[in-house]
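Here's the structure we're looking at; comments come further down.
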Protein chains: 2
Amino acid sequence: MIHPNDPPLSDRTSDALTAAQLYYVQDLTMEAIAQELHTSRSSVSRLLSQARASGLVDIQIRSPLDAPSRVEKLILDRFQVTAHVLPVPDYASDVDRLERVALSVARILGEFFDSNMIMGIAWGSTMNAVSRHLTPKRTHNAQIVQLNGAGNTRSTGLDYANEILRRFSNAFDARLEQFPVPTFFDDPATRTAYWRERGLRRLLEMQGNMDVALFSVGSPFSMVPSHVYVGGYLDDEEFTALSDAGVVGDVATVFYRADGSTDGIPLNDRGTGPELSVLRRTPRRICVVAGTSKVDSLRGALAAGLITDLFIDEGTARALVGS
Amino acid sequence: MIHPNDPPLSDRTSDALTAAQLYYVQDLTMEAIAQELHTSRSSVSRLLSQARASGLVDIQIRSPLDAPSRVEKLILDRFQVTAHVLPVPDYASDVDRLERVALSVARILGEFFDSNMIMGIAWGSTMNAVSRHLTPKRTHNAQIVQLNGAGNTRSTGLDYANEILRRFSNAFDARLEQFPVPTFFDDPATRTAYWRERGLRRLLEMQGNMDVALFSVGSPFSMVPSHVYVGGYLDDEEFTALSDAGVVGDVATVFYRADGSTDGIPLNDRGTGPELSVLRRTPRRICVVAGTSKVDSLRGALAAGLITDLFIDEGTARALVGS
DNA sequence: CGACTCCTTGCACATATGTTCACGGCTCTT
DNA sequence: AAGAGCCGTGAACATATGTGCAAGGAGTCG
């Protein structure tokens, strides 16, 4: 009865699975597991690490339904957005905040993305940080699509965005649709023309059918500028134009004012990010924000109705609701 | 902005939640968490224990879809039943097996039961063991219903079954419908009459509308008899009658033969367990089996089509498929 | 008001877990 | 076939975690 071609999965994975079951479900000690698996305790420790890292073990925090914190409730009331406020000590630096928020988001993202879905993803420091911590989740027929071009005048800029997106597609086993265009065209007409290309139409169609969008907000005029503002994507003149137009931030390099409006912001005609109307049509729109410097930009994005789910560190959340 | 009546949940729970988030999601050390929470490391350790015990932290093992073990596949092929084979060392005693299987089932049961559902539960050593390890899960408007009476000739036997069922209803916050009748009536006519009572009709109706049923199998003729066979529920004469009728086991004190048939087994006319047809109409029917002594009985239950999901220790699973 | 219980806390110790390192078995060269 | 590099292993060490215990604080009763 024992077939020779036994396991369709590697011994190692299978052992990791057993170890995880014994450790996390049956509460055995690693020592005991080592005995059952005829190996050393160290190896069990390593097996379990692997099991966690590869997503075999799924640890979730399930707040009782009455648990949303005061701040989360305030945000829900005021902006009709589901907030996930992440505890971060007040004395943490902005880098710490970003890292910790990114870790949390990376861990929970699997909850939002599944087989047969399309997820649109922006790029930037925040997405970069998130991408570095993703725990893998197996999906089938899933698709990831880049939200906006990443080329700039200095380099193609493709590597940076590319790497980020690839980490996502690897973690979820999803196909990846890249967006090999500059972040901003020089001439709006070029964009219009390019958008008619067949390859592009496929990408734009995917964007139109996204199930989830994942992005942060850019804050061009804060003390801690987003990647896009220091990476050679904008020259001084353009920068000034944004300022003059009353811009407070962007999502996937689409700019908006404090009231959420976008009309008459010249750079948007040349940018490659999705129309905000396209974004708003996406059922789930996850925004990740770390650091108080992004608050003004975040307010604009909220005013524009771009967000359905917000991941935010505690300090910034408090700054947002002003308490 | 800070309301005085801040949290609708206790500080302790809220701290536990924060600690869990920091520990399991953000990978902080307990020492670090202690600092953020302004308490001692010990207390954090205790908070985390509480968080796990109270179901705030949910740890699942997600086998990749290609993971089912060889034995699980064999069982699926042969019996059309989803098996969850639990690793237990071969040298483990039957008591160990039961304990470890029960622990696993208790931990995963939340996956099968949710708000607005009705779960039918039997009683016996196996259910007792499971009930002792349940991790709580909040549900609304959920209902638990006892599958069969627990009174016997020596005592009411109510306490035993009662306690088991109450553990389930507590863990899930579910209403509990008890079944305060003997396990077997002396006279079939009494049962028929009693079944027409209004209180009973409500219970029977619930049984008819169950979403999940949870039970083990009894093995009257094995070396390790189930609770029902040592607790004074059956006298010698009845026992012999079962043997003569070719009975191999029972589910919720409804007896069946090796081929799954039940016709002409006299005791069934006086028993209080659900008609097997009622059971078979239940969408999800979870059977928990530990110990090889139950294999024959389990085969009968499988032949009778009583099971959709089987939790079983590895040794017994191997005995079942005979390899 | 004090004596009592009950619960919580942090310390100190006992365990359990994570990580470094040197070794040995592989495969792939040459 | 010998050598070089590349894992994977377990022993030993370094950390992190769990727990018994004594002390202290809040509530209750006489």
Side-chain angles (χ1 to χ4, degrees), chain A residues 6-7 9-61 87 89 96 99-100 103-104 106-107 132-133 135-136, chain B residues 4-7 9-61 87 89 92 96 99-100 103-104 106-107 132-133 135-136 170:
Chain A
D6 249 350
L9 35 63
S10 77
D11 279 3
R12 187 162 181 98
T13 305
S14 149
D15 277 359
L17 211 48
T18 306
Q21 153 80 12
L22 293 174
Y23 189 78
Y24 287 106
V25 182
Q26 295 189 22
D27 286 336
L28 297 207
T29 165
M30 293 189 183
E31 186 70 53
I33 298 172
Q35 284 192 284
E36 300 204 5
L37 260 47
H38 307 294
T39 180
S40 75
R41 196 184 51 71
S42 321
S43 298
V44 174
S45 173
R46 284 184 275 252
L47 278 179
L48 288 171
S49 298
Q50 191 207 312
R52 282 184 303 251
S54 61
L56 254 47
V57 178
D58 186 26
I59 302 184
Q60 290 174 241
I61 310 299
D96 273 351
E99 207 58 22
R100 290 175 61 164
L103 190 51
S104 303
R107 291 282 173 89
R132 288 177 185 282
H133 297 293
T135 46
Chain B
N5 56 347
D6 249 353
L9 37 63
S10 77
D11 278 3
R12 187 161 180 99
T13 304
S14 147
D15 277 358
L17 212 48
T18 306
Q21 152 81 13
L22 293 173
Y23 188 78
Y24 287 107
V25 182
Q26 294 189 22
D27 286 337
L28 296 207
T29 167
M30 293 188 183
E31 186 69 54
I33 299 172
Q35 285 191 285
E36 300 202 6
L37 260 46
H38 306 292
T39 179
S40 75
R41 196 183 50 71
S42 326
S43 298
V44 174
S45 173
R46 284 184 272 253
L47 277 178
L48 288 172
S49 297
Q50 190 206 312
R52 281 185 304 252
S54 61
L56 253 48
V57 179
D58 185 26
I59 302 185
Q60 291 174 239
I61 311 299
D96 273 351
E99 205 58 21
R100 289 174 63 165
L103 189 51
S104 303
R107 291 282 174 86
R132 289 178 185 281
H133 298 292
T135 44
N170 282 341

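Numbers restart at 1 for each chain; the letters A, B, ... are given by sequence-line order, proteins then strands.
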To the nearest 0.5 Å, tell me how far [X] [atom1] sits from [Y] [atom2].
{"X": "Ser43(B)", "Y": "Gln50(B)", "atom1": "OG", "atom2": "CD", "result": "11.5 Å"}
{"X": "Glu31(A)", "Y": "Ser45(A)", "atom1": "CD", "atom2": "OG", "result": "12.0 Å"}
{"X": "Arg46(A)", "Y": "Asp15(A)", "atom1": "CZ", "atom2": "CG", "result": "13.5 Å"}
{"X": "Leu56(A)", "Y": "Gln21(A)", "atom1": "CG", "atom2": "CD", "result": "11.5 Å"}
{"X": "Leu47(A)", "Y": "Thr18(A)", "atom1": "CG", "atom2": "OG1", "result": "9.0 Å"}

Quick one: [X] [atom1] to [N] [atom2], roughly how many Å, whole number?
{"X": "Leu28(A)", "N": "dA16(C)", "atom1": "CG", "atom2": "C1'", "value": "14 Å"}
{"X": "Glu31(A)", "N": "dA14(C)", "atom1": "CD", "atom2": "P", "value": "19 Å"}
{"X": "Gln50(A)", "N": "dC7(D)", "atom1": "CD", "atom2": "P", "value": "14 Å"}
{"X": "Leu37(A)", "N": "dG10(D)", "atom1": "CG", "atom2": "P", "value": "11 Å"}
{"X": "Ile33(A)", "N": "dT15(C)", "atom1": "CD1", "atom2": "P", "value": "19 Å"}
{"X": "Leu47(A)", "N": "dT9(D)", "atom1": "CG", "atom2": "C1'", "value": "12 Å"}

Task: Min side-chain heavy-atom separation Ile61(A)-Val57(B) under 4.5 Å - done: yes
Open item on the list: With heavy-atom distances below 4.5 Å as the criterion, would you say the side chains of Leu48(B) and Val44(B) are in contact?
Closed with: yes
- [ ] Specify the angle, to 10°, made by the local axes at the two ends of the helix from dC1(C)-dG30(D) to dT30(C)-dA1(D) when five pairs are taken at each end.
- [x] 20°
- [ ] Respond yes when some side-chain nitrogen or oxygen of Ser40(B) is under 4.0 Å from OP1 or OP2 of dC11(C), and no when none is.
- [x] no
TODO: Using a cut-off of strictly less than 4.0 Å, decide whether Ser43(B) has a side-chain nitrogen or oxygen near OP1 or OP2 of dG10(C).
DONE: yes
- [ ] Quickly, which of Arg100(B), Arg52(B), Arg107(B) forms a side chain to side chain donor-acceptor pair (under 3.5 Å) with Asp27(A)? Name it, please.
- [x] Arg107(B)
Task: Per-nucleotide protein contact string for nucleotides 18-24 of chain C, where B marks a base within reach and S marks sugar-phosphate only (heavy atoms under 4.0 Å, - for neither) - done: BBB----
Task: Heavy-atom pair of closest approach, residues Leu37(B) and Ala19(B) - done: CD2-CB, 4.2 Å
